[in-house]
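Worksheet: the structure to be examined is printed underneath.
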Amino acid sequence: MTMTVGVLALQGDFAEHIRVLSSIGVRSLEVRSVEDLTKADRLILPGGESTVMAKLLFQSGLGQAISDRFSRGELPIYATCAGAILVSREVQDGSVSTLGLLDITTQRNAYGRQSHSFRTALSVRGIQTPVQASFIRAPHITRVGEGVSVLANYDESPVLVQARNIIAGTFHTEVTGDPSVHKLFVV
Amino acid sequence: MSDESVTLGKDLAAMLKGGVIMDVMSVEQAIIAQAAGACAVMALERIPSDIRAQGGVARMSDPQLIADIQKAVSIPVMAKVRIGHTAEARILEALETDFIDESEVLTPADPFAHIVKKDFTVPFVCGATNLGEALRRIEEGAAMIRTKGEAGTGNVVEAVRHIKLIAQEIESLRAMNTKALAAFAAEERVSVALLTQVRDAGRLPVVTFVAGGVATPADAALLMGMGAEGVFVGSGIFRSQHPERMAESIVQATVHFADFKKLLEVSTGLGAAMKGEEINTLETRMQERGL
C-alpha cells in the first residue's frame with residue numbers, strides 16, 4: 001500500500017509542503033476535516049500563523065482527532081514553525097493553545113519581527129549535506145524534555161528535534177525546496 | 001542585502017496564505033481581529049470607506065498607533081504608505097513593520113514612480129489591476145501582490161474583475177511566441193525574462209491575495225474559488241453590524257471556500273454587512289492611482 005501524507009490545510013504554506021512531497025514521489029492530501037484525516041497515514045503541520053491554526057483546529061474537532069490518532073501511535077507527524085508551536089507541550093507566554101504532543105517548550109517570534117528573518121544552511125544529524133533552511137518570524141525551542149533528541153542547532157539553540165513518531169523544526173525547508181527533512185520523515 | 005529581503009518577504013507571504021488580513025484602526029480592533037483568526041492586521045488611522053467619506057489627503061498613520069498595535073498582538077502587523085513615498089516607507093522600516101503596503105488607498109506622493117522596494121529590509125505588498133501592473137511592482141521588488149479591487153466600497157465586482165483579468169492575461173501568454181512575448185513585454189514595460197517565467201509557471205512568482213470590496217463570507221469564498229491565495233478585508237469588518245462575528249465568518253469562509261454547507265453555516269445570522277456603494281457613483285476610483 002502506498003503511503004499518503006496528509007498536510008494540514010487550514011492556513012499557511014501547505015501548498016509548498018505538497019510540492020516538496022510530490023518532488024520526492026510521495027502522495028499527499030490536503031487535510032481540512034476529520035474525514036480528510038482518516039485518509040492520511042502521516043501528517044505535516046505546516047508553517048503559518050499558529051493563532052489561526054489553533055483556533056480552527058480546536059473549533060472543528062480536528063485537533064482532538066489528530067491527538068487521538070497520534071497517541072495511538074497511528075499518525076507520525078512532521079511539524080514546521082507554527083506547526084512546531086502547535087505540537088509543543090507548552091508555549092512560553094501561554095498565548096496559544098497547543099496539542100501538547102511533544103515534550104518541548106516553545107517561544108513564539110523569538111528572533112523578532114520580519115526584518116530579523118533569515119535563511120541559512122544547517123547541519124542536521126542523519127542528513128549528509130547542509131539543509132537549506134528559512135527562519136521566518138521563527139520560534140525558539142527553549143526546553144527539550146526527556147526522550148526528545150536534538151537533530152540540529154542554530155546559535156547553540158535547538159531548531160530541529162525528534163521523539164517517537166514526531167519531528168518538529170522551527171524553520172522551513174518547504175519554501176527553499178530542500179527535500180531532505182521530508183525524506184527523513186517519510187522513510 | 002536587497003534580494004535576500006525580497007526572498008524572505010516571499011517566504012513570509014507564503015505563511016500568510018489561506019488567511020485573512022484585516023484593517024484595524026485601534027488596539028482594541030487589532031485584538032478582536034487576532035481573536036477572530038486574522039493571519040495579520042493592517043494598522044491604519046482611517047479605513048478606506050472613511051477616507052472616501054471624509055476626503056482630504058490620506059497619509060501614513062501615526063507610528064504610535066502602529067507601535068501600540070505591534071505590542072498588542074503576536075501576528076504580523078502591516079501598515080500603508082503612499083505610492084512613491086520612500087520616506088514614509090523608511091519610517092515604517094525603522095519601526096520594523098512586518099510588511100509595508102504601498103497603497104492606492106492613500107493619496108499618491110509621486111506622480112512618476114513607485115518606491116524602489118528592493119532597497120529595504122522589510123518586504124512590500126502592492127496592488128495591481130492587471131498583469132503588467134503586477135509585474136512592474138514585482139520588478140521593483142514587491143514580495144506579494146494584492147489585486148486592487150475598489151477599496152472602501154463593499155462592492156466585490158472590481159476585485160473579481162482584477163483577479164479574472166490577471167488570470168486571463170497569464171493564460172494568453174501561453175499562446176504567444178517569442179516575438180509576441182517581446183512585444184507585450186515592451187508595451188507593459190516589464191522584462192522578457194520575468195514574462196517568460198510567468199508564462200512557464202502559469203502564475204505570478206509571488207503570493208497573490210485579493211482586496212478591495214470584500215464585505216461578506218460569500219465574497220471571500222467567491223474570490224478564493226477564483227484562485228486567490230488569501231484575502232484582505234478593509235471596511236467590511238468594522239463597518240458591519242457585528243464585527244467579531246463577521247470577522248470569524250470571513251476567516252472560516254476563506255479556509256472552507258469549497259465546502260458549501262460550511263459556507264451556509266458561517267453566512268447565517270451575521271446581521272447587516274457594510275452598506276456599500278455602486279462603482280459608477282464614486283467620485284474617486286482608487287484603483288486608477290499608481291499604475
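Numbered from 1 within each chain, the chains take letters A, B, ... in sequence-line order.
Ranked by heavy-atom pairs under 4.5 Å with chain A, the list B:Leu16, B:Ile75, B:Val20 is led by B:Ile75. The most heavy-atom pairs under 4.5 Å with chain B, out of A:Lys55, A:Arg32, A:Met53, A:Arg108, come from A:Lys55. Of the listed residues B:Lys10, B:Gln34, B:Gln70, B:Glu229, the one with more heavy-atom pairs under 4.5 angstrom with chain A than any other is B:Gln70.
Distance OG/A:Ser117 to CD/B:Glu4: 10.0 Å, rounded to 0.5 Å. The NE2 atom of B:His256 sits 6.0 Å away from atom CG of A:Leu10, with the distance rounded to the nearest 0.5 Å.
Contacts of B:Glu93 with chain A are absent, with no heavy-atom separation under 4.5 Å from either backbone or side chain. Only the backbone of B:Ala38 comes within contact range of chain A, judged by heavy atoms closer than 4.5 Å. Proximity to chain A (any heavy atom under 4.5 Å) is shown, for B:Ala13, by neither the backbone nor the side chain.
The shortest non-hydrogen separation linking A:Glu49 to B:Pro76 is OE2-CD, 3.2 Å. Contact record, B:Asp98 with A:Arg113: OD1-CB, 3.4 Å, taken as the closest heavy-atom pair. When all heavy atoms are compared, the tightest approach of A:Val175 to B:Ala14 is CG1-CB, 4.2 Å. Taking all atoms of both residues into account, the shortest heavy-atom contact from A:Ala15 to B:Lys17 is CB-NZ, 3.9 Å. In this structure, A:Ser115 and B:Val122 approach most closely via the heavy-atom pair CB-CG2, 4.3 Å. Across A:Arg137 and B:Ser74, no two heavy atoms sit closer than the pair NH2-O, 2.8 Å.
The side chain to side chain contact (heavy atoms under 4.5 Å, CB included) with B:Asp11 is formed by just one residue from the set A:His172, A:Arg119, A:Glu16; it is A:Arg119.
At most 12 non-hydrogen atoms from other residues, nucleotides or ligands lie less than 6.0 angstrom from NZ of B:Lys261. Atom CZ of A:Arg72 sits in a crowded spot, with more than 12 heavy atoms from other residues, nucleotides or ligands closer than 6.0 Å.
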Intermediate values then yes/no, side-chain contact (heavy atoms from CB on, under 4.5 Å), A:Gln11 and B:Cys39: CA-CA 8 Å; A:Gln11 192 269 322; B:Cys39 69; 3.9 Å; yes

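Taking the side chain as every heavy atom from C-beta outward, A:Gln114 and B:Leu8 approach each other to under 4.5 Å. Using a 4.5 Å heavy-atom threshold, the side chains of B:Glu248 and A:Gln59 count as touching.
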